[in-house]
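So the structure is just underneath, and the comments pick up after that.
Each chain gets a letter, A, B and so on, in the order the sequences are listed, and its residues count up from 1.
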Amino acid sequence: MYALVDAVSFYASAEKVFDPAIRSKPVVVLTNNDGCVCAICPIARRLNIPKFGPYFKVKHLLEQNNVVIRSSNYELYADLSDKMMNIIARFCDTQHIYSIDESFLHFDGYTSLIKDWHEYGHTIRRTVWRETKLPVGVGFGPTPTLAKAANHAAKKLSGFNGVAVINSEQTRQAILQRMSCEDVWGIGRRLAKKLKIMNIQTAWDLAQQNPRAMRRAFSVVVERTVSELNGITCLNWDDVRQDKREIYSTRSFGERICEPTALKTALINHVTTVANKLRAQRSLTHQLYIFAASGAHENKYYKKSFVYKFPSPTNDTCVMANAVSEVFNKIYQPGIRFYKCGVGAVELISEQFQQNDLFNKSPDNPKLMQCLDTINKRYGKGMLSLASSKLNDRWHMNRDFLSPQYTTRWRDIPKIYCE
DNA sequence: TCTGGGGTCCTAGGACCC
DNA sequence: TCTGGGGTCCTAGGACCC
């Protein structure tokens, strides 16, 4: 049995945790640079605001309805996420954190110990609410995809009240028949549209298809999804938690950037992030993809990218930052108003399989990296960093509606006044 | 609902080779 | 000069997720 536990509109709920005054109000959260609406609390959902639609298009609607607007406060969300995940982990000894607010639990071996899955799900919900004031939904199912479907039912379909269990043929059919294809994990809008033409409307319709035929018509992903909907585990536990094959860090700027130092500083910060993530999953990269671009809505769209190939695979921040410096002049062009840039590690291999070059000694310094990671882990992210990542700070993003970092910054700690 | 964020995976198709 | 075959590698773009 698998479970999927996630928060109800996590970012919006997180904003309400330390600000009880807005708990009964409609709240939305915007993406980086306040570009799009990315979280809509259940109260605000009544206004039919399109999720991931551009903010400027709904600005008027939000103002008219006195909707509370917040910029993404990742420092706060990451910390609340940690707290929430730790609580959920108490309920199962194998947890896979899938995203900032979702985790899969795999109840392998103690399926017979839990008599009442509904009750167990409600206990998880109550505990998380009591300790964090975050509302969560819980779905149980025999495969990860069915657990996802149950989670959808728990939160979106009437009569479930936050917990849904697929543990029989009847419950599977009942839930899948009430879900459209588009609500199935792995089926997006495009695929749903094509499926509709084939008269495949509900999740149940999709489950009735021949997996092989679906592979031929679409892809292996759809084939797997169909099997999973029928209780055949394809995304087995090892797959769900597999190492990433690509790691990217990209951002758009709060204002257009023209100076080379600002662009370079941004790229160095991205490469630092990518190197950290590589070391965290014990991978090395053969290649680094580096790009910068002007705004997509500008008259003349400019995008320049470069793939840097390392003589031997690396996850060393210094080595990777040098690569950025080396190709920087091929990407930067004076006069361009840069809007976005980023770095990606592609073609990853596990540290275990590292092959040293007989003739070229690797420039990596694993001990230095280990020291850097230890210090940053102990004293906070970014405590120790490359000087070149601090040269120019004009590349930061806009966050005009930012709430305080209640839990991660001393001066933002909530104050309680007594009379 | 053509979408002003960010991240990851998959695949079609081009380049090149024998 | 065009076309037939078959394989690998690489890249851009499609599609999905939150």
A:F401 CZ to B:dG5 P, straight-line distance once rounded to whole Å: 15 Å

Rounded to whole Å, CD of A:E223 lies from C1' of B:dC9 at a distance of 16 Å

Upstream residue (5' side of DNA chain B) when A:R256 and A:R224 are each assigned their closest nucleotide: A:R256

Under a 4.0 Å heavy-atom criterion, the protein footprint on nucleotides 11-18 of chain C, written with B, S and -, is ----SSSB

Is there a Watson-Crick or G-U wobble partner for C:dC18 with both distances under 3.5 Å, and which nucleotide is it? B:dG5

For the residue pair A:Y308 and A:F306, is the inter-centroid distance of their aromatic rings smaller than 6.0 Å? no

When you check the phosphate oxygens OP1 and OP2 of B:dG6, does a side-chain N or O of A:S249 lie under 4.0 Å from one of them? no

Flag the pair A:F104 / A:Y2 as yes when their ring centroid distance falls below 6.0 Å, and as no otherwise. no

Would you say the side-chain atoms of A:T408 and A:D79 include a donor-acceptor pair closer than 3.5 Å? no

Salt-bridge criterion met for A:E131 and A:R90 (N-O under 4.0 Å): yes

Fit a plane to each ring of A:Y120 and A:F107, take the angle between them on a 0 to 90° scale, and name the class: parallel (under 30°), tilted (30 to 60°) or perpendicular (over 60°). perpendicular

Output the single nucleotide from B:dG7, B:dT8, B:dG5 whose closest atom is nearest the side chain of A:I247. B:dT8

Does any donor atom in the side chain of A:S103 or A:Q95 lie under 3.5 Å from an acceptor atom in the other side chain? yes

Using atom CE of A:M397 as one end and atom C1' of B:dG4 as the other, report the distance to the nearest whole Å. 15 Å

Can you check the A:L348 CG to B:dG7 C1' distance for me, whole Å? 13 Å

A:L278 atom CG is separated from B:dT8 atom C1', nearest whole Å, by 14 Å

Could you check whether A:K303 makes a cation-pi contact with A:F291, meaning its NZ or CZ is under 6.0 Å from the centre of the six-membered ring and within 45° of the ring axis? yes

Earlier contact from the 5' end, DNA chain B, for A:Y55 and A:R245: A:Y55

Whole-Å distance, A:Y74 OH to B:dG5 P, equals 11 Å

Whole angstroms only, please: what is the CZ-C1' distance between A:F56 and B:dG5? 14 Å

What integer distance in Å separates A:K57:NZ from B:dG4:P? 8 Å

Looking only at side-chain N and O atoms, does A:S252 come under 4.0 Å of OP1 or OP2 in B:dG5? yes

